[in-house]
Amino acid sequence: MKSNRDGQLSGLSTQERELIRHFHATEQTTVGVGDVLTIHPYSRAAANTILSRLARKGWLYRIKRGVYVVVPVASPTPNPPIEDAMSLAMVLFQPAFISGWSAAEHWDLTEQIFNTIAVITTAPQRKAAQKIGGIKFQVKTLAQKRFFGFKPVWFRSKQVQIADPSRMVIDILDTPAFGGGGRHTMDIIRNYWGSEFCNPSLLLEYAEKFGQGSIFKRLGFLAEEMKAPVSVDWMDFCRMHISKGITDLDPGSPSKGHIVTRWNLRINMPL
């Protein structure tokens, strides 16, 4: 980075200075061609050239094709750590919401800290595990009909969509690895049952809307095992919606262990 980058917008054209001032003033998580075009009626090619030039001069940090992060004026490095990881996820994987272990952390349903952000999107992804701008993401793609159960949460001036606690439970029951594995998923669900967020009727509503029989198997079994505050009718509803065939409690563990026939569930991990 140039030594004259000491808080003064020197070395920039008038239009470049205007753009940088605008990006800082609006506190945007990322910028791209569209952001340039809202300020000046350039061609897309010209806007791309300007962004590339600002990146070479150290005012922007390219994290993927067409996506840049504004480098803070006081930053000693042209590649500063990105603090708003969840806000970045909203841009990179839109439409998206935070779930899994990341949502569990937000709702204080786990004490374990993960260095990867768990994200759900409807946008197809080439791979689930991604590292962008120095941040690790675990991304799960779902159909539009399963894109529900999240709410906006503000982090300073940035709005992030996060799964509500009940939706987070559905996601980690569907894919225990998304909750940090079978053991950690069970810990999160146990904490959920004892928390202010416990909402058995909403769980059933979400599980039915999600439409995956294995979720009902794990949900009903764990509710029994953990002596959850649910009714007989609630348990009956779960049993009515389980799928045929035997499902592993933890798909990430070896497929062996005793089978609980009333739930069509193989208990393949320590309880």
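With hydrogens and angles disregarded, no donor-acceptor distance shorter than 3.5 Å links the side chain of Asp171 to the backbone of Gly100. Remark: the backbone N or O of Leu222 is not paired with any side-chain donor or acceptor of Arg190 at under 3.5 angstrom. Between the side chain of Ser255 and the backbone N or O of Pro251 there is no donor-acceptor pair closer than 3.5 Å. In this structure a side-chain-to-backbone donor-acceptor pair under 3.5 Å is missing from Thr175 to Ile172. The main-chain N or O of Phe237 is found under 3.5 Å from a side-chain atom of His241 such that the two form a donor-acceptor pair. Side-chain N or O atoms of Arg62 include none that pairs as donor or acceptor with a backbone N or O of Ala55 at under 3.5 Å.
With values rounded to the nearest 0.5 angstrom, Leu204 atom CG is found 14.5 Å from Lys209 atom NZ. Taken to the nearest 0.5 Å, the CG atom of Leu249 stands 12.5 Å off from the CD1 atom of Ile259. Ile162 CD1 to Glu105 CD: the interatomic distance, rounded to the nearest 0.5 Å, is 10.5 Å.
Side chain to side chain, Ser253 and Asp250 meet the donor-acceptor criterion of an N or O pair below 3.5 Å. Tyr206 and Asp164 share a donor-acceptor pair across their side chains, judged by distance under 3.5 Å alone.
Annotation: Arg44, atom CZ; neighbour count of heavy atoms from other residues, nucleotides and ligands within 6.0 Å does not exceed 12.
Among residue pairs with one or both ends in residues 247-271, none qualify as ring pair (Phe, Tyr, Trp, His ring centres under 6.0 Å); sequence neighbours excluded.
Aromatic rings of His184 and Phe114 (six-membered ring for Trp) have centroids within the 6.0 Å cut-off, being under it.
Ring geometry for Phe93 versus Phe137: interplanar angle over 60°, hence perpendicular rather than tilted (30 to 60°).
Val169 and Phe197 fall within a single hydrophobic cluster, where Ile, Leu, Val, Met, Phe, Trp and Tyr are joined by side-chain heavy atoms under 4.5 Å apart, directly or via other members.
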